[in-house]
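What follows is one structure encoded as structure tokens, with my remarks underneath.
Source: prediction; values computed, not measured. Here is the naming used below: chain letters follow the sequence lines, and residue numbers restart at 1 for every chain.
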2 protein chains.
Amino acid sequence: MDIRNFKVACSNCNLKELCMPVGLSFQDIEKIDQLVETRKKVKKGDHLFHNGQKFNALYAIRTGVFKTVISSEDGREQVTGFQMAGEVMGLDGIATDTHTCDAIALEDAEICLMPFDKLEQIAHEVNALQHHVYKIMSREIVNEHNIMMLLGSMKAEEKLAAFILNISQRMKSRGFSASEINLRMSREEIGSYLGLKIETVSRTFSKLEDDGIIKINNKSLSIMDMPRLQKLISSRRDC
Amino acid sequence: MDIRNFKVACSNCNLKELCMPVGLSFQDIEKIDQLVETRKKVKKGDHLFHNGQKFNALYAIRTGVFKTVISSEDGREQVTGFQMAGEVMGLDGIATDTHTCDAIALEDAEICLMPFDKLEQIAHEVNALQHHVYKIMSREIVNEHNIMMLLGSMKAEEKLAAFILNISQRMKSRGFSASEINLRMSREEIGSYLGLKIETVSRTFSKLEDDGIIKINNKSLSIMDMPRLQKLISSRRDC
DNA sequence: CGCCGCATTGACGTTCGTCAAGTCTAGTGG
DNA sequence: CCACTAGACTTGACGAACGTCAATGCGGCG
């Protein structure tokens, strides 16, 4: 891991719409620019932080994709999410001042390190930032409710359709193609995230391909029939 | 729903260890006492708030048990949690200024209403409260990660064991018996929460009873063999 | 070239969902 | 107080969905 100790201005960042509150005064923007004190590169496969590690900063992703994983004593592992540019990691660490999951880069990545005490201090001076932090955390909670719905009440095909659509939307909102997607995670990681075994993930991909809804070749995924994909998760068979 | 418009002092509340930050100065405590402006009674089966309703307050439970439920357009429902005294509801509403789930009382209950703008204002003046709100939200995120693990990688028996132990611990930390529990939720609600059908919940309860680990009669649950119950969720069969 | 990790595919078994019948309980009204 | 009913719970029989095990394919890399 290569650490560069140079300042990065959030006001110049092309991701600020994703990360930062909008409609700030010039003064406020100046303050927020002090928030990110270092940028950090993380190589594919490397940890950004570990379960059990002392918490002292949040991390905003500039480039690259991460996964977060929790593990129990008995060796069970669960991927709790895939994070991409503009998203914030480490919120779970605030509760106990200790990170409760591992964050691992799925490709070479670059993140902005925001020391939490500094964030609290600036948030104290800039109400809009304060409110923004609440919103980010709340969004995470809402998001996880949706994953609970997915894990608790969907079948394999529905789960995978929801997963693909979710990735697709997030790529689109970042200016990438919504239908030509380069998956960064393995089948096993997808399976862990969706509560499925790797074979089921593979089989379900194959089925969606046979049905002409997607094309998948290793990690490159094309959505061929978006409407039918959406139908898979919004139509229940029971009346 | 019966609304009483009288002030309640958090400093006098016997739940303050659960709700509020500790180690405050006298001045800070005075400020925080202004936070809860109304107490509200909610009858069994009534909604505290609805999905889609405008968000403007958080709710701390004084007495009673609630469930929170999200539902998708296609009629799927998922219980996202059961909340008891000292726990805070409504955090999901901050993100979009709209509640994204229903909160329903499982028994007659009493809650403290904390207007969110007021909370933000007082939090601005009292740093410890500020930090405490972060902690509460972070705790919620960590908690939901654990539920994801449960939903994603556990079998029915393990899920139910984890559920019982979770309830047991929370009862204990509130001064109730850890082994003699009065469940407030139906089998169907438990099933929805755990990603199981009602019949599976019932069967699994019966199996745990046959094994001598619990006794269950309708809604009254006794834990007969705590160690074995704990073993169910911490021992994996694979090496 | 050969190895290794990842992915796919098939055959089979287990778990859990589905359907259906029957029991128990609490609440209601006579 | 009892009878009646609706809703919640239990139990059994069966089948579908998914996990497990195993064989095979495929692409990347030393």
Tyr59(A) ring center within less than 6.0 Å of Phe66(A) ring center:
no
Numerically ordered, the residues 193-200 of chain A set in heavy-atom contact under 4.0 Å with DNA chain D is Gly195(A), Leu196(A), Lys197(A), Glu199(A), Thr200(A)
Atom CG of Leu183(B) and atom P of dA8(D) are separated, to the nearest Å, by 16 Å
Side chain to side chain contact (heavy atoms under 4.5 Å, CB included) test vs Met89(A) passes for just one of Gln83(A), Glu140(A), His99(A), namely Gln83(A)
To the nearest angstrom, the CD-C1' distance between Glu188(A) and dG19(D) comes to 14 Å
What verdict does the side chain to side chain contact (heavy atoms under 4.5 Å, CB included) test give for Met148(A) and Leu151(B), after you've listed the backbone C-alpha separation in whole Å, the side-chain angles of each residue and the deciding distance to 0.1 Å? CA-CA 7 Å; Met148(A) 285 176 62; Leu151(B) 286 168; 4.1 Å; yes
Going by atom types only, do Asn166(A) and Arg170(A) share a side-chain donor-acceptor pair under 3.5 Å?
-> yes
Separation of dT11(D) atom P from Lys207(B) atom NZ, nearest Å, is 14 Å
Taking every heavy atom of Cys112(B) against every heavy atom of Val36(B), the minimum-distance pair comes out as CB-CG1, 3.6 Å
| message | Could you walk me through whether Ile94(A) and Met137(A) satisfy the side chain to side chain contact (heavy atoms under 4.5 Å, CB included) test, starting with their C-alpha distance in whole Å, then the side-chain angles of each, then the deciding distance to 0.1 Å, before giving a yes or no? | response | CA-CA 11 Å; Ile94(A) 301 171; Met137(A) 296 188 79; 3.8 Å; yes
If each end axis of the helix from dC1(C)-dG30(D) to dG30(C)-dC1(D) is fitted on five C1' pair positions, the angle between them, to 10 degrees, is 30°
Q. Given Arg139(A) and Glu144(A), is the salt bridge (Lys or Arg N to Asp or Glu O under 4.0 Å) satisfied, shown in steps?
A. CA-CA 9 Å; Arg139(A) 211 183 297 153; Glu144(A) 282 170 15; over 6 Å; no
Its 5'-most and 3'-most nucleotides having an atom under 4.0 Å from a non-hydrogen atom of chain A, DNA chain C is contacted over dA7(C) to dA11(C)
Ordered by number, residues from residues 214-224 of chain A within less than 4.0 Å of DNA chain D (heavy atoms) are none
When Arg39(B), Lys41(B), Lys40(B) are each screened for side-chain hydrogen bond (donor to acceptor under 3.5 Å, both in side chains) with Glu110(B), the one that passes is Arg39(B)
For Ser179(B) and Ile223(B), indicate whether the former's side chain and the latter's backbone hold a donor-acceptor pair under 3.5 Å. no
So the ring-ring contact (aromatic ring centres under 6.0 Å, His included) pairs with at least one residue in residues 186-214 of chain B (sequence neighbours excluded) are Phe82(B)-Tyr193(B)
With sequence neighbours left out, the residues meeting side chain to side chain donor-acceptor pair (under 3.5 Å) with Thr100(B) are Asp92(B)
When rounded to whole Å, the CD to P distance for the pair Glu157(A) and dA16(D) reads 16 Å
task = Please state whether the phosphate of dT10(D), meaning OP1 or OP2, lies under 4.0 angstrom from any side-chain nitrogen or oxygen of Arg187(B).
result = yes
Worksheet item: Can a donor-acceptor pair be found between the side chains of Glu180(B) and Ser222(B) at a distance below 3.5 Å?
Response: yes
Paired with Thr204(A), the side chain to side chain contact (heavy atoms under 4.5 Å, CB included) test is passed by just one of Glu157(A), Glu209(A), Glu158(A), namely Glu157(A)
